[in-house]
Colleague: 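I have a structure here, written as structure tokens, and I will follow up with some questions on it.
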Amino acid sequence: MDRRLVDIRHPDCKTKIYPKKLPKASVIIIFCNEAPSGLLRTVHSVVNRSPPEYLHEVVLVDDNSDRPELQEPLEKNISTSWPDGIVKLVRSPKRLGLIRAKILGAKESTGEVLVFLDAHCEANDYWLEPILARIQEKPNVVLCPAVDLIDDKNMEYSRNGGISVGGFTWSLHFTWRSVPEKEKKIRKSDADPVRSPTMAGGLLAVGRDFFFHIGAYDPGMFTWGGENLELSFRTWMCGGELEFLPCSRVGHIFRAAHPYKFDHSDSHGYNSKRLAEVWMDEYKRLFYNHRSDLRNSDAGNFTDRIELRKKLNCKSFKWYLDNVFPEQFIIDENSQAYGMVRLFSVRNPESNLCLDTLSRNHKVDPYIGVFPCSGGLSHNQMFALSQINELRMEEVCADVVGERGARVKLMDCHELRGNQLWNYNRDTKQLKHASGWCLDVGGMKMNDNIKLNDCSAAGSQKWEFEHVLKFI
Ligand code: UDP
Ligand code: MN
């Protein structure tokens with residue numbers, strides 16, 4: 001329960017000196033049918049590794065768990081382990097979902113700073129001081145500790161990659177992105193806070209007053225998902241800032257499945273639609289490009305959230321994209337042409353084959369192919385010819401080594417041209433790779449045989465973009 005952890009902080013973190021007088025924290029841990037050992041280890045790590053003068057309380061919020069060990073035995077365990085009452089337990093009589101559970105925890109807390117953790121975490125040495133010092137310095141900041149990896153099979157604690165910032169896909173999923181150049185220039189050390197357009201979700205800290213000032217969370221959201229992007233956009237647009245703190249380290253168990261049942265079939269979609277409608281202005285069109293199934297779906301009433309946005313006089317989503325996240329690729333603004341890339345045939349001008357990801361996970365099986373055109377309804381066929389001549393899909397680009405017969409795959413865009421450079425010829429309709437070979441589909445049928453071939457007038461090399469903005 002209270003094992004020692006490796007101190008994996010950056011060396012510069014170890015020499016930082018924090019003020020003696022800091023605000024006190026309420027650490028809020030929400031859970032629904034979590035393993036008791038993981039939950040208790042989270043609490044032990046927080047109590048053991050937070051200086052008592054800075055820990056106001058630990059508030060456990062039980063989101064209506066029905067696991068027997070989490071009933072009376074948990075209460076006994078808490079009162080035996082922490083007889084001083086530092087650990088409080090709040091039980092919800094009905095299932096709230098993680099978003100409303102966090103709101104309940106925040107309301108029940110009385111510390112100046114709120115720190116939210118999942119119920120399968122381990123706070124590492126000196127995790128709290130950087131958080132409290134930063135909030136004291138900047139009361140309008142929302143902070144995320146660096147999330148380390150705890151292996152769900154053997155509980156090994158390790159660093160989870162280097163320093164990154166958060167982004168999002170237009171289907172409104174969180175992604176990791178490299179630290180932008182302008183941010184690298186401002187930072188003197190890898191131990192410095194880094195501003196981020198979005199946050200991953202579970203683990204965050206915020207001043208209690210600021211949290212309620214900007215509208216806590218959207219209480220109309222269900223179970224899981226979307227609230228992290230909603231809070232990210234709202235924070236930036238309504239006068240706050242979002243930062244990652246590399247010196248504050250907390251481990252999180254990454255696991256294959258959730259221990260609780262979902263009480264909604266697509267809470268992520270439902271919640272995302274609410275956030276798109278309230279916060280994304282005209283850019284919600286890009287969300288619906290990816291989730292056309294949600295265009296006319298119900299997302300409950302969100303007039304309160306629109307009122308909140310007005311009352312706080314928040315900036316536009318365009319302001320957010322221009323100022324906070326200029327790196328984000330906006331397919332219908334930042335490309336030469338986009339949409340379905342249809343194989344054009346003279347004999348059959350309505351050839352019904354389009355470039356397609358074939359629903360493959362590009363990390364595992366990255367090769368693209370052709371598939372019957374979906375009529376613009378499938379994000380699997382949403383390609384763009386970017387302004388720097390990539391054949392691009394959000395953050396992945398068509399990439400191929402320059403040799404005859406080489407298959408084309410999707411890889412993270414590197415923006416260095418090279419194997420990701422494609423020239424489109426409007427007359428011949430060829431997509432010519434930097435290497436001089438042309439994009440060719442083996443035969444006129446559905447397949448994954450997209451290859452480089454000698455450029456020719458063959459119908460298997462004629463491509464047309466659905467929408468053209470401006471070819472350069
Ligand atoms: N949780 C909850 N109620 C729910 C769903 C989740 O209280 O309806 C809790 C869950 O027990 C966990 C936290 O919310 O402590 C975050 O959920 P999870 O760890 O499953 O999300 P992930 O880390 O996979 O995004
Ligand atoms: Mn989690």
Colleague: Between the side chains of E277 and K284, is the shortest nitrogen-to-carboxylate-oxygen separation below 4.0 Å, so that they form an ion pair?
Modeller: yes
Colleague: Is the shortest side-chain heavy-atom distance between R309 and W279 below 4.5 Å?
Modeller: yes
Colleague: Checking R285 now: which residues fulfil salt bridge (charged side-chain N to carboxylate O under 4.0 Å, His left out) with it, not counting sequence neighbours?
Modeller: D332, E333
Colleague: For N124 and Y157, test the side chains for any donor-to-acceptor distance below 3.5 angstrom and give the result as yes or no.
Modeller: yes
Colleague: Verify, without hydrogens or angle tests, whether R234 (side chain) and I214 (backbone) share a donor-acceptor contact under 3.5 angstrom.
Modeller: yes
Colleague: Closer than 3.5 angstrom, by distance alone: can the side chain of D7 be matched with the main-chain N or O of R9 as a donor-acceptor pair?
Modeller: yes
Colleague: Is it true that the side chains of N301 and T303 contain a donor and an acceptor less than 3.5 Å apart?
Modeller: yes
Colleague: Return yes if a side-chain donor-acceptor contact under 3.5 Å exists between N334 and Q328, otherwise no.
Modeller: no
Colleague: Is there a donor-acceptor pair under 3.5 Å between the side chain of S196 and the backbone N or O of V165?
Modeller: no
Colleague: Please indicate whether Y126 has more than 12 foreign heavy atoms, meaning atoms of other residues, nucleotides or ligands, lying under 6.0 Å from its OH.
Modeller: no
Colleague: What I'd like to find out is whether the side chain of L355 reaches to under 4.5 Å of the side chain of L391, using heavy atoms alone.
Modeller: yes
Colleague: Check whether the ring centres of F116 and F211 lie less than 6.0 Å apart, and answer yes or no.
Modeller: yes
Colleague: Taking the six-membered ring for Trp, is the centroid-to-centroid distance between Y424 and F465 below 6.0 Å?
Modeller: yes
Colleague: Does the side chain of E394 pick up a donor-acceptor pair with the side chain of T169 at under 3.5 Å?
Modeller: no
Colleague: Hey, which of W176, F174, F325 is the one that makes ring-ring contact (aromatic ring centres under 6.0 Å, His included) with F168?
Modeller: F325
Colleague: In this structure, is the centre-to-centre distance between the rings of F262 and H264 below 6.0 Å?
Modeller: no
Colleague: Who are the side chain to side chain donor-acceptor pair (under 3.5 Å) partners of E390, not counting sequence neighbours?
Modeller: S386, R392
Colleague: Apply side chain to side chain contact (heavy atoms under 4.5 Å, CB included) to D192 and list each qualifying residue two or more places apart in sequence or on a separate chain.
Modeller: K16, R187, K188, S189
Colleague: Keeping R134 on the side-chain end and L143 on the backbone end, is there a donor-acceptor pair under 3.5 Å?
Modeller: no
Colleague: I'd like to know whether the aromatic ring centres of W170 and H379 sit less than 6.0 Å apart in this structure.
Modeller: no
